[in-house]
Amino acid sequence: MLFMNVVTPSYRPHCSSSSTLERKALTKQGYKCYHCRNCSKFFNERTLSPFNLLRYPSELIFKVVTWRLRYKLSLRDLSELLMNEGITLSHETVREWETKFAPVIEEELRTKRKGEATKSWYVDETLIPVKKEKHYYYRAIDNRGRLVATTFSKVRDLETAENFFKKAVETIGHKPEKVTTDKEVCYPKAIDRVLGRTVEHRTIRYLNNRLEQDHRGIKQRIKPMLGFKSAASAARFTGAFDELRSYFRVREFRNDIVTAMKRRVHIKGQFLRLRKQFLATKLIWKQSEMLLV
């Protein structure tokens with residue numbers, strides 16, 4: 001990737017002028033600054049990005065958000081851990097970062113998974129508490145245990161099932177040849193309408209146990225959180241959590257034997273790759289296209 005000193009005119013952050021100069025001064029976090037001769041406004045590499053106006057380095061934000069999603073840590077636990085490193089943050093700041101950047105990580109990881117799943121899917125829903133009310137969390141994995149798609153819904157009906165399968169096809173990029181579900185009455189019609197009548201639909205007892213066991217990941221993560229206070233926060237957290245969990249997945253097949261050292265090396269490598277990708281978003285500017293490939 002090459003960074004250009006002159007921004008494309010049609011993607012000017014504040015105007016359409018092409019008269020832009022790079023300044024020698026840097027921000028406190030070390031990001032490049034620019035000046036537009038036309039509108040006389042100053043901007044930096046994080047302007048109009050999700051990192052705009054944040055006074056903490058992007059690397060710290062990435063660490064906090066991934067820790068929040070990956071490990072069983074409360075908002076206050078993260079504040080205390082950072083305090084031991086000399087960084088004073090409110091737990092509400094951690095909450096705001098999760099709200100803002102968890103969807104960024106989720107979207108990036110979901111985009112990278114396109115075409116990776118096989119054509120044999122396992123589909124099921126599990127219950128997630130939201131203010132003591134049960135909501136449905138639809139999940140699908142393939143026969144190798146890799147994530148296909150997730151959807152959070154207040155109801156379980158035909159429309160929700162159809163939207164879930166549409167999202168799964170859009171995410172993966174192809175339709176399955178075989179789908180395994182429980183005997184929920186909405187699935188047969190939703191599969192026929194979205195995936196087609198040629199798809200083999202299996203409802204054999206115990207055949208979907210692998211997905212039932214896979215639900216333990218999200219169940220074990222939200223148990224210390226004592227549920228969610230809103231459906232929006234539940235949908236945001238569960239989706240980002242499953243994407244990150246799938247990204248760090250070590251086993252290629254369900255019964256693979258993985259040593260502790262191999263697991264640590266794999267997770268560290270995945271963490272470094274994701275961090276590099278996340279830090280690059282501060283310059284992407286989907287509105288400005290400053291980052292040229």
Side-chain angles (χ1 to χ4, degrees), residues 50 65-66 69-70 98 101-126 128 135-182 184 186-196 198-202 208 210-212 214-215 217-218 221 231-254 270 273-274 277-278 280-281 284 286:
V65 175
T66 51
L69 295 173
R70 176 70 178 171
E98 178 199 323
F101 294 101
V104 175
I105 295 177
E106 177 188 0
E107 179 64 26
E108 192 65 36
L109 294 180
R110 184 168 60 244
T111 303
K112 289 172 64 67
R113 289 194 298 105
K114 192 164 188 176
E116 291 185 353
T118 64
K119 294 188 176 182
S120 178
W121 297 357
Y122 293 78
V123 179
D124 189 31
E125 68 281 342
T126 187
I128 301 293
H135 287 61
Y136 295 95
Y137 184 46
Y138 287 76
R139 300 180 68 249
I141 62 174
D142 65 6
N143 59 348
R144 297 173 71 175
R146 292 178 295 192
L147 183 66
V148 174
T150 63
T151 293
F152 194 86
S153 175
K154 187 176 182 180
V155 297
R156 179 173 60 176
D157 55 13
L158 178 60
E159 182 181 359
T160 305
E162 289 182 356
N163 291 336
F164 173 70
F165 284 120
K166 289 178 182 177
K167 180 180 178 180
V169 173
E170 182 181 356
T171 300
I172 299 303
H174 62 256
K175 295 182 179 180
E177 297 176 351
K178 187 184 302 181
V179 176
T180 304
T181 70
D182 55 15
E184 166 62 32
C186 298
Y187 284 136
K189 188 174 290 186
I191 291 174
D192 289 344
R193 289 183 179 181
V194 179
L195 304 180
T198 59
V199 175
E200 180 185 353
H201 182 201
R202 305 185 301 174
N208 215 22
R210 63 172 59 189
L211 182 53
E212 295 284 355
D214 198 68
H215 288 327
I218 186 64
R221 181 60 187 86
S233 62
R236 179 181 61 250
F237 184 89
T238 53
F241 168 82
D242 258 325
E243 289 292 345
L244 197 67
R245 178 170 177 251
S246 177
Y247 176 76
F248 282 114
R249 186 171 178 267
V250 179
R251 291 182 175 86
E252 184 66 20
F253 295 94
R254 184 186 177 191
Q270 292 291 82
R273 281 186 285 270
L274 183 60
Q277 190 173 354
F278 181 84
T281 60
I284 286 180
K286 293 186 184 296

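Note that the numbering runs from 1 along the sequence shown for the chain. These figures come from a predicted structure and were not determined experimentally. Just so it is clear, the values below take in all heavy atoms, side chains as well, and ignore hydrogens, waters and symmetry mates.
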Mind listing the closest non-hydrogen atom pair of C186 and A161 along with its distance?
CB-CB, 4.4 Å

Taking the side chain as C-beta and beyond, is there a heavy-atom pair between K178 and K119 under 4.5 Å?
no

Could you tell me which non-hydrogen atom of N208 sits nearest to which non-hydrogen atom of Y122, and how far apart they are?
OD1-CD2, 3.2 Å

To the nearest 0.5 Å, what is the distance between CD1 on I141 and CH2 on W121?
12.5 Å

R139 and D214 ion-paired at < 4.0 Å:
yes

Does R156 come within less than 4.0 Å of E125, counting only side-chain N to carboxylate O?
yes

When rounded to the nearest 0.5 angstrom, what distance separates CG in L147 from CG in D142?
9.0 Å

What verdict does the salt bridge (charged side-chain N to carboxylate O under 4.0 Å, His left out) test give for K114 and E170, after you've listed the backbone C-alpha separation in whole Å, the side-chain angles of each residue and the deciding distance to 0.1 Å?
CA-CA 8 Å; K114 192 164 188 176; E170 182 181 356; over 6 Å; no

So F278 and F101, would you call those rings parallel, tilted or perpendicular, with 30° and 60° as cut-offs?
perpendicular

Between T181 and H201, is a side-chain contact (heavy atoms from CB on, under 4.5 Å) present by the stated rule, with each step listed?
CA-CA 8 Å; T181 70; H201 182 201; 2.6 Å; yes

Carefully, step by step, assess E200 and E177 under the rule side-chain contact (heavy atoms from CB on, under 4.5 Å).
CA-CA 6 Å; E200 180 185 353; E177 297 176 351; over 6 Å; no

Walk me through whether R110 and E106 qualify under salt bridge (charged side-chain N to carboxylate O under 4.0 Å, His left out).
CA-CA 6 Å; R110 184 168 60 244; E106 177 188 0; 3.0 Å; yes

Got a donor-acceptor contact below 3.5 angstrom from the R249 side chain to the R251 backbone?
yes

N/O donor-acceptor pair under 3.5 Å between R113 side chain and V148 backbone
yes

With a 4.5 Å cut-off on side-chain heavy atoms, are V169 and H174 touching?
no

All heavy atoms of V155 vs all of Y136, minimum pair found to be C-CD1, 3.7 Å

Whether S246 side chain and E243 backbone form a donor-acceptor pair below 3.5 Å:
no

Using 30° and 60° as the class boundaries, would you call the ring planes of F241 and F237 parallel, tilted or perpendicular?
parallel

Return the minimal non-hydrogen interatomic distance between A235 and F152, and the atom names on each side.
CB-CB, 3.7 Å

Would you kindly say whether N163 and T160 are connected by a side-chain donor-acceptor distance under 3.5 Å?
no

Specify whether Y187 and Y138 have parallel, tilted or perpendicular ring planes, treating 30° as the upper limit for parallel and 60° as the lower limit for perpendicular.
perpendicular

Would you say T118 and N143 are linked by a side-chain donor-acceptor pair, where the criterion is simply a distance under 3.5 Å?
yes

Run the side-chain contact (heavy atoms from CB on, under 4.5 Å) test on K175 and V199 for me, step by step, so that the C-alpha distance in whole Å, both residues' side-chain angles and the decisive distance to 0.1 Å come before the verdict.
CA-CA 9 Å; K175 295 182 179 180; V199 175; 5.5 Å; no

Please find the pair of heavy atoms, one from E116 and one from K112, that lie closest to each other, and give the distance.
OE2-O, 3.4 Å

Is the shortest heavy-atom distance from the side chain of L274 to the side chain of L109 under 4.5 Å?
yes

For a side-chain contact (heavy atoms from CB on, under 4.5 Å) check, start with the C-alpha distance between D182 and V123, then their side-chain angles and the critical distance, and finish with the verdict.
CA-CA 8 Å; D182 55 15; V123 179; over 6 Å; no

How many angstroms lie between atom OG1 of T126 and atom CD1 of I218, to the nearest 0.5 angstrom?
9.0 Å

Between NE2 of H135 and OG1 of T238, what distance do you get to the nearest 0.5 Å?
11.0 Å

Gap separating the CG atom of L244 from the CZ atom of R221, nearest 0.5 angstrom:
10.5 Å

Taking atom CG of L69 and atom OH of Y247, what is their separation to the nearest 0.5 Å?
13.5 Å

Is the number of heavy atoms from other residues, nucleotides or ligands within 6.0 Å of CD (E184) greater than 12?
yes

Return yes when atom CD of E212 has more than 12 non-hydrogen atoms of other residues, nucleotides or ligands closer than 6.0 Å, and no otherwise.
yes

Taking every heavy atom of G239 against every heavy atom of T150, the minimum-distance pair comes out as CA-OG1, 4.1 Å

